[in-house]
Each structure stands twice: as C-alpha cells, then as structure tokens.
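Only one structure is covered here, and it is reproduced in the block below.
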Amino acid sequence: MSTSYPNRPARGGRLPALAAVTALLVGLAIVFAFFVAPEDADQGISQRIFYFHVPIALTAYACFGWAAFKALLLLWRKEERYDLESYVAVHQGTIFGALTLATGSIWAKASWGHWWLWSENQLVLFLVLFLFYSAYFMLRFSIEEGPRRANISAVYALFGVVLVPVSFLAIRLAENVIHPTVFTRDGPQMTGTMFLAFCVAWVAITLLAYTLYRVELAGKRLDANLRELREALTT
Amino acid sequence: MPLGPRGELFRAVPESGLVVIRARALERRFGRKRALRPVDLAVERGQFAVVTGPNGSGKTTLLRLVGGLLAPTRGELEVDVDRGRLGFVGHEALVYRDLTALENLDLYGRLYRVPERRERIGRLLERFDLWDARHERAGTFSRGMLQRLALCRGLLHEPDLLVLDEPFTALDADGAALLDRQLAELAGAVTVLLSTHDPVRVERLATTRLVLG
Amino acid sequence: MSSGEKYVAAAYGVVFLVVLAYVVIIAAKLARLERETAELAELARARSAPSTSNG
Amino acid sequence: MTYFADVAALARKDLRLELRARDTLPAMLLFVVSTLVVFHFALPADAGELAAQGLLWLALVFTALLGLARAWAPERESGALDGLVLAPCDRSAIWLGKALATFVFLGVISAVALPAFAVFFAPVSWETVAGVALANAGICAVGTLLAAMAAASRTRELVLPLLFLPLAIPLVVGGVGASISDDPGRFLAFLGLYDGVFALLCWASFEYVVSE
C-alpha cells in the first residue's frame, strides 16, 4: 500500500466556480423545461417531469460507473484516496437513485394513475440497484476502517456495475412472461426544443452531482485531516 | 549497535548479506486505534531477530505485517520472500478442528507444494511427538499439542523465513525444550523473526533485537 | 392547479428538497468542523506555550 | 495443472468437514422441506401452479442463504483462512474450492427439494431441473464470495442476505422463467450468461476480499 496521504486535494480548488456554473445551469434547465419546451400533445403538463427524471437517472448511472472506476483504481494502484472517492461516488449514486425512484413514481402517478408500475423497466431496475447499493453501506459500516474494508467495498462496487446490464436484461425477460405489461409506453417523441431542454437539464444535473461529489469529498478529507491533527496533538 | 530514534535497537545499514525484512517508519492502525507505533527494522538473511515488548505494544501486529497478513497503514515494508516460502506460527494454530493432524498437514502440504509430502509429515510429527495422535481430530488436542501441530505446519515446507509469534506459549517443559532444539538447528540457515515475553530463552541465538515501546 | 400541475410541482419540489437537505447537512458538517478546528487550535496554543497560558 | 489440484484439495477438505461435522447439510434439508410445507399453507386454496413454481425458487434461494452463512464457518472458527491465504496457490482457488463444495451441498438439497415439491405442489419439468442446476451454480459462485465479505464484517448473518438478495433477483427471474415460460431456452441461456459473467468477476476479485 503506497503511502500517499489520502487528504491532499487531488486537483485545484475551483469548487466555487464549479458550484456557480452548476447553479446557473440548473436555473437555465428549469426555465427551458417549463417555458421554452412546448407542452406534450398526449401527456400534457406531467411530461415536464421527464426533463429532470431521465437526467437524474442517467446521472445515477454515471455515479455508479465512476464509483466502479475509482474502485478499480484502488484495487490496481492500492492508493488510499480512491477508497474515499469510490465511497462518495456510491453515496451520490444512491441519492440520485432514490431521486429517480421518487420522480419516476410521481410521473407514473401523473401519467397512469399508479405510484408504482412493475411494467416500467427503468423504475424496476432502479429499485434493484437501490437495494443493492443500500447494502453497500450496510457492508461498509460493519467492517473496521482499513485496507480490508477498502478492498471489499471496491469489489462490491464492481459487482454493482456488472449488475446493471444483467438486471436490465432480467427485467426485460421477466416483462412479457412473468409480468405482462399493462401499460405500453412508446418513447416520448421529442421535438427540437424539447430535446434541447432535455440536454440542458442533463448537463445541469450531471454538474450538480459532480459539485455535490466534490463538496462531500472535501468534507470527508477535512474530517480525516482533523482526526490526524487531533491525534498528533493529544498523544 | 546504534539506537533508533525511539530507542529501539536495530542494525545500521547492514554491510553485507541480503536484507530479507526492511521496515521504515512502519505503522498500522485498526480503525481509530493505532496498533503499531512507527517502527524501523532491518533483518538480513540467516539472522535471528527477536522482538520483545509489553502486551499491546504491537508485536503480533508487526509479525502479521511481515507475514503479509496485514497491509501497512503508513510507512514502508519490504519482505524479500516469495509467497509460500514463509512459515507463520501465530496465536491460533490455523488448523481445522474437524480434520485429523495428518489430514491438516496433508492439505497444507499439497497447497504449499511440499515434495515427498508423506515422509516429511511423518518426520515432523515424530519430531514434535505427535505421531501417535496423527489420526485424532485437531479439535481434541490440548493447547500444547495444537501449538506443536502449528509448528509442524509452519516448518512443513522448509520456509526461508520463519515468523513465530510467542511460540513458547502453551508449551510444557519438554515441548519448549523440543522447540529450543529445533530453533538452534534452524538458526543461521533460516531467517527467523520471533516475538517473545522471555527473551532470555532465545538470548543465545538472537542476532538482532527489537524492543517495541 | 390541475392534478397534472400538482404532480409536476411535487416532482421538482422533491428534487429541490433533497438538494436543500444536502446543503443543510453540509452546513452542519461545516459548523462541526469549524468547532473542531477551533478546539485543535486551542490545543496547539496550549501545547506550544504552556507557561503563558496558565500564567 | 496444480491449480485444479489445489481446488480439488480445498473442495475435498470442505466435503470431509461436512461429512464429519454433519451440521449444515441436515439442517438445510429440513429447512427446505419445512419451508415448502409452510408455503403450502401460505398459498390460498385456488392458487394456480404458477404461484407454486415461484415458491420453489423462493425456498431454494433462502435455503442457499442458510448454507452460505455457514460456508466460511470452519475457516472463521480456526483462523485457517490465514494459512490458506499465505499458501503459494492462486487465491481464487480458495474461492473455487469452496464454491464447488457448496454446489455439491446445494445439489443434494435440490435432489430432495424437487421431488418434495413435485409431491406437494406440481410436477417438475426438465427445464426446471436445468434451471435449478444453473441457478445453483450462480448462487455458489456469487454467494461464496459474498459470504467471504460478510465473514470480514461484524454483523455476519445480518449483512449476508442484504448482499445476496439483490444479486439473486436475476437468478430468480431466470429460474422462474425457465419453469413457466413457453420458451424456457431463453431463460436458461440467460442463467448461463449470469453464471459466466459473475463467475469470472468472482474469480478475478476474490483475492482482494481475503487479503490486504
């Protein structure tokens, strides 16, 4: 295990600038979603939830992917800082996963009158992933801090990323046999401006996730540094 | 013998010979608790290093680090021994309770690629006075017999480096004498890192001493 | 507000609330960190100049 | 060639331990049969065969969980895992040996559970048997590694089901699908894919679970 300190800020501190740009973009995304994009022909206003729901889902996938990437780096390079980065990425992914479930179920209620639809593959997949990654925290907090916990958390994060396509396939297979679909939903046809609103929202939400990731990482590193300082001063 | 910054004894940079174990400011933490304060150590091939210190000073942690069972939290550790060429005898015998002594050693013999496995197991069991109990389950062994079985397991594959964590515990008089003879035989040929509460017993053999604070 | 509008408001509201909750948690952590650094600074001062501190 | 010799030695060790101690296998056999009986009473009278098929898979998954909780018990009680980790053999052999032994145990359990199911509920098709075999392989591959993770945690029996169930969902989908769908081939192929993908991942990552 190399001895690079885990608490050196990896890259420069342009966090405030990042946060400002994110806030601006999120505001822009809302403006686009509500005022620029035309109302959807058949779904009406409830279609506007789509502009946040799908980008949040895509961002959750990105967080889980990022966590697996950092986990791979930890196992390969054995540098302590990747453990913290992988953990924070999983934490972000779980938050956005929960948001996906929340906004998704509100959208389902608005469009089809049911809070939960087993036929909605995306939602079911996120439910499975949410259960999986919640277990990540149960596992992580039940092992004593150290190289062993870092390795095990990393391996589990790798399993998560493999589980995504496998579960998606399973849910699709289950769809027409075990749970015949009740509501068919063809992909939302998007006009030019709708697609633009979607893209702005996607960039905004991704940046939001990255900002929160950097904020939480900074917080966790501060914690670690302070703990070391306290130890140095009190022993 | 120069004294280390924290008063522990270690050899200066060894002139000749190959360094088998080198630790620089080696530290290990379990969660918030620091189990091993920064330690420097250098042991050459064929040397007999003795680690002493009160309970909780980190002797076991240091030996498990050298054994490769733990990774350092801070500092560096190089152990120039291939995996499988190291014999580790700790507080636990690392043998299956429901397997007989013979079955345990046979399993380890296969995994450690020991040539002429049966003969070597037979000789070791005899030397450690366990031959008559070879078909009995390890679970029925007394602590002393388990410790002797663990020593057989540790020596089975003729290791280049032998790590012994307080090996004399639970051994009765003739068990300890038996271990003394065994260590005397090995000294010089095999590099040994041994932790103990009563250094006098191995004083004659020791070439390097490390006192943990 | 039609039922559709209620749901849209609810969806965006949930997102806003979660982000807000996140900011609140980070703010609380910041406050705790501030307190801890103050404590440590105190400790450091006490350690570096023991004679003057209790004079 | 020594890799498979190591795996064989490790698997034999587990089988011998189980024959000696005889504590896990009988418990699992009794558990699966009593679970099926409980399910009978849990099913409403007019529940069709479909529901029953689903319950078979539920019984198999939870029985496997019981077995997996005990998978690393001998190593944990004796600390012998340290001895195995220090051996020159590839550490994935430790996983494969344990997975094979667990597969044999699950095979014995299934050999009792399937006939019992046929007697209690509904006849068992060949596709179901194939599905059970493939699912058991997946359960052993993934479950053995998760059990090793759980073994390193303080709340072992508590955390293992949480780790295992999400990963078992695709297996249940594949298994139930193979039992009741009119095109079981697709589901059996999916189970095969699951086994292949996760066995490879377990094989590559097991080392990091048991060593530092």
Side-chain angles (χ1 to χ4, degrees), chain B residues 28 30-31 60-61 63-73 77 79 81-100 102-114 117 137-141 146 149-150 152-154 156-157 159-161 163 165, chain D residues 1-26 70-98 100-101 148 151-155 206-212:
Chain B
R28 170 70 199 211
F30 288 103
T60 298
T61 307
L63 266 64
R64 287 176 72 85
L65 279 163
V66 171
L69 295 169
L70 294 174
T73 309
L77 173 64
V79 179
V81 166
D82 304 338
R83 181 146 58 90
R85 300 303 311 143
L86 180 140
F88 185 87
V89 178
H91 294 308
E92 288 179 307
L94 308 186
V95 290
Y96 290 95
R97 298 282 179 275
D98 286 328
L99 292 183
T100 67
L102 211 56
E103 286 162 347
N104 271 300
L105 292 180
D106 183 68
L107 174 67
Y108 277 109
R110 290 171 192 275
L111 295 178
Y112 277 80
R113 320 274 189 263
V114 174
R117 192 173 55 245
R137 291 191 199 183
T140 63
F141 280 21
L146 266 178
L149 183 57
C152 294
R153 177 187 54 74
L156 184 57
H157 51 302
D160 300 335
L161 167 62
V163 177
D165 193 355
Chain D
M1 241 329 272
T2 53
Y3 182 77
F4 293 106
D6 297 332
V7 170
L10 288 162
R12 244 199 335 273
K13 168 262 297 180
D14 279 311
L15 296 178
R16 183 174 290 150
L17 279 176
E18 182 48 36
L19 293 181
R20 289 269 168 78
R22 277 194 304 280
D23 48 15
T24 313
L25 207 54
R70 292 285 306 163
W72 297 99
E75 279 73 22
R76 212 177 38 253
E77 278 145 19
S78 61
L81 193 57
D82 286 348
L84 301 181
V85 163
L86 285 181
C89 65
D90 190 315
R91 280 152 182 175
S92 60
I94 304 171
W95 162 75
L96 192 51
K98 183 68 74 172
L100 285 179
S153 93
R154 288 190 307 276
T155 58
F206 183 76
E207 158 146 28
Y208 300 103
V209 173
V210 287
S211 63
E212 293 196 345

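Labels below follow one simple rule: chain letters A, B, ... track the order of the sequence lines, proteins then strands, and each chain is numbered from 1.
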Determine the minimum heavy-atom distance between Gly84(B) and Pro88(D), stating which atoms define it.
CA-CD, 3.6 Å

When the 4.5 angstrom heavy-atom criterion is applied to Leu107(B) and chain D, the contacting part is side chain

Closest heavy-atom pair and its distance - Lys13(D), Leu99(B)
CG-CD1, 3.9 Å

Where on Leu86(B) is there a heavy atom nearer than 4.5 Å to chain D: the side chain, the backbone, both, or neither?
side chain

I need the Arg16(D) CZ to Thr100(B) OG1 distance, nearest 0.5 Å.
7.5 Å

Separation of Arg20(D) CZ from Arg97(B) CZ (nearest 0.5 Å)
14.5 Å

Nearest non-hydrogen partners of Arg28(B) and Glu212(D), listed with the distance:
NH1-OE1, 2.7 Å

For the interface with chain B, which of Arg91(D), Glu77(D), Arg12(D) has the highest count of heavy-atom pairs at distances below 4.5 Å?
Arg91(D)

Heavy-atom closest pair, residues Gly83(D) and Leu94(B)
N-CD1, 3.8 Å

Go through Glu103(B), Arg83(B), Arg110(B), Arg153(B) and name the one with the most non-hydrogen pairs under 4.5 angstrom from chain D.
Arg83(B)

Where on Arg137(B) is there a heavy atom nearer than 4.5 Å to chain D: the side chain, the backbone, both, or neither?
side chain

Step by step, work out the side-chain contact (heavy atoms from CB on, under 4.5 Å) result for Asp82(D) and Phe88(B).
CA-CA 9 Å; Asp82(D) 286 348; Phe88(B) 185 87; 5.8 Å; no

Side chain, backbone, both or neither of Tyr108(B) within contact of chain D (heavy atoms, under 4.5 Å):
side chain

Whether Arg113(B) and Asp6(D) form a salt bridge (side-chain N of Lys/Arg under 4.0 Å from carboxylate O of Asp/Glu) is what I want to check.
yes

Applying a strict 4.5 Å limit to non-hydrogen atoms, the region of Leu81(D) in contact with chain B is neither

Return yes when atom OH of Tyr3(D) has more than 12 non-hydrogen atoms of other residues, nucleotides or ligands closer than 6.0 Å, and no otherwise.
yes

What's the shortest heavy-atom distance between Val95(B) and Ser78(D), and which atoms?
O-CB, 3.1 Å

